[in-house]
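Counting from 1, the numbers follow the sequence of the chain as shown. Bear in mind the structure is a predicted one, so any value in this text is a computation, not a measurement.
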Amino acid sequence: MDRYSKITNKNQREIVLLKGYPCVWGKCRFCDYIDDNSRDLETMRALNQEVLSHITGEFGVLEIINSGSCFELPKETLEDIRTIVQKKKIQKLFFEAHWIYRNRLDEMRRFFGIPIVYKTGAETFDYDFRENYLNKHASFKDAEELSRYFDSPCLMVGIKGQTKEMIRYDIDCLKRYFKLGTINVFTDNTTDVKRDESLVRWFLEEYRWLEDDPSIEVLYENTDFGVGD
């Protein structure tokens, strides 16, 4: 499991994958990342400290991810991150949080005292597909509502049941309402959600131009940021 990496093409930053407590929701149909969660504080903190020790601060920007939301990281790990932020002169953080935490985002901003870019797993702006198939438990009505809270949505493409029209709509909303975003090309995992190969091929051709868009990061594999396994 790789837990430290550097992103050097778009939005240069260091990135670390830490361990946290179980995801507050943990019932998304497509997700098996929650297997990386833990309830053993001592083990989590020791592992997280080792990962954080690799941070150099060379870009002044750090992304922290875990298999859930930043609010599920142990309090002790958050304090360790704050120490690193101050020691390495980090000027901006990227965190991820579920829609459930939308009214708590300023807590982290106050705690760290520097700008935070909040990412969130929107997956799609098609309400029915997101809630009734993917079981995301993120009840925002549309992209405009999501943009009131979060800076950078993460979308998924290439899932059986999606359509080209849904993907076009999602990317149009992403460009219209957000300055940053991530698009994850779905990869089969241990869940019953499956990849649609023909839809993936269409997306890769139709949206090849996203590779040159500095505001959108496309992940063709789950590990394209250099962390995970």
Side-chain angles (χ1 to χ4, degrees), residues 1-21 23 33 36-38 40-98 101-102 104-121 147 149-154 174 178-184 210-229:
M1 175 77 78
D2 295 317
R3 293 185 178 272
Y4 170 84
S5 186
K6 299 176 185 180
I7 298 169
T8 57
N9 49 358
K10 300 179 183 180
N11 300 308
Q12 292 187 337
R13 60 200 186 273
E14 293 176 276
I15 183 169
V16 292
L17 170 60
L18 304 182
K19 267 189 180 290
Y21 291 109
C23 175
Y33 301 149
D36 192 44
N37 293 330
S38 176
D40 184 338
L41 173 58
E42 185 176 340
T43 300
M44 278 193 292
R45 188 179 187 194
L47 183 146
N48 292 343
Q49 285 179 324
E50 194 283 325
V51 175
L52 291 170
S53 72
H54 295 277
I55 294 168
T56 67
E58 63 182 284
F59 304 118
V61 184
L62 172 64
E63 180 165 357
I64 307 279
I65 61 174
N66 58 293
S67 298
S69 300
C70 58
F71 293 92
E72 286 133 25
L73 289 169
K75 167 174 59 82
E76 293 81 357
T77 290
L78 291 174
E79 291 169 351
D80 291 336
I81 295 169
R82 184 167 60 180
T83 298
I84 291 287
V85 163
Q86 294 167 349
K87 182 178 179 181
K88 300 297 182 178
K89 296 180 170 53
I90 303 297
Q91 299 163 16
K92 181 165 67 175
L93 287 169
F94 282 72
F95 273 140
E96 185 164 354
H98 190 281
Y101 291 111
R102 64 193 179 279
R104 294 185 55 191
L105 304 182
D106 282 341
E107 292 178 21
M108 289 291 186
R109 293 189 175 105
R110 288 192 296 269
F111 183 80
F112 287 99
I114 59 174
I116 294 177
V117 175
Y118 272 110
K119 303 171 85 169
T120 191
S147 72
Y149 300 92
F150 293 94
D151 308 296
S152 178
C154 302
L174 178 59
F178 300 91
K179 293 180 180 179
L180 295 173
T182 305
I183 298 175
N184 299 277
L210 288 173
E211 293 182 5
D212 299 318
D213 186 326
S215 67
I216 307 295
E217 294 174 310
V218 181
L219 303 184
Y220 301 102
E221 300 290 341
N222 294 337
T223 56
D224 279 354
F225 275 157
V227 294
D229 61 7

Requested in this report: With sequence neighbours excluded, tell me which residues meet side chain to side chain donor-acceptor pair (under 3.5 Å) with S69.
Outcome: none
Query raised in the report: Do T83 and L52 touch side chain to side chain, with heavy atoms closer than 4.5 Å?
Result: no
Query raised in the report: So do the side chains of L62 and I55 get within less than 4.5 Å of each other, counting heavy atoms only?
Result: yes
Requested in this report: Mind telling me whether F71 and Y101 have parallel, tilted or perpendicular rings, with 30° and 60° as the class edges?
Outcome: parallel
Report task. Side-chain contact test, heavy atoms from C-beta onward, threshold under 4.5 Å: evaluate it for C154 versus N184 and give yes or no. Result -> yes
Query - side chain to side chain contact (heavy atoms under 4.5 Å, CB included) between N66 and Y21, intermediate numbers included - result: CA-CA 9 Å; N66 58 293; Y21 291 109; over 6 Å; no
Query raised in the report: On the ring face of F225, is R13 found with NZ or CZ under 6.0 Å from the centre and within 45° of the axis?
Result: yes
**Report entry** Expected output: side-chain Q91 to main-chain I114 donor-acceptor under 3.5 Å
**Finding:** no
Query raised in the report: Does the pair K10/E217 count as a salt bridge with the N-to-O cut at 4.0 Å?
Result: no
Query raised in the report: For the residue pair I116 and D151, what are the closest heavy atoms and their distance?
Result: O-OD2, 3.6 Å
Query raised in the report: L105 versus F150: any side-chain heavy-atom pair under 4.5 Å?
Result: yes
Report summary line: Residues passing the side chain to side chain donor-acceptor pair (under 3.5 Å) test with D106, sequence neighbours excluded, are R109
Report task. Would you indicate whether the side-chain heavy atoms of L78 and F112 approach each other to under 4.5 Å? Result -> yes
Query raised in the report: L93 versus M108: any side-chain heavy-atom pair under 4.5 Å?
Result: no
Query raised in the report: Would a 4.5 Å heavy-atom cut-off, applied to side chains only, mark R45 and D80 as touching?
Result: yes
Query raised in the report: Under 4.5 Å between any side-chain heavy atoms of L73 and I81, yes or no?
Result: yes
**Report entry** Set of residues satisfying salt bridge (charged side-chain N to carboxylate O under 4.0 Å, His left out) with respect to K92, sequence neighbours excluded
**Finding:** none
Report task. Let me know which of R3, E72, M1 forms a side chain to side chain contact (heavy atoms under 4.5 Å, CB included) with K19. Result -> R3
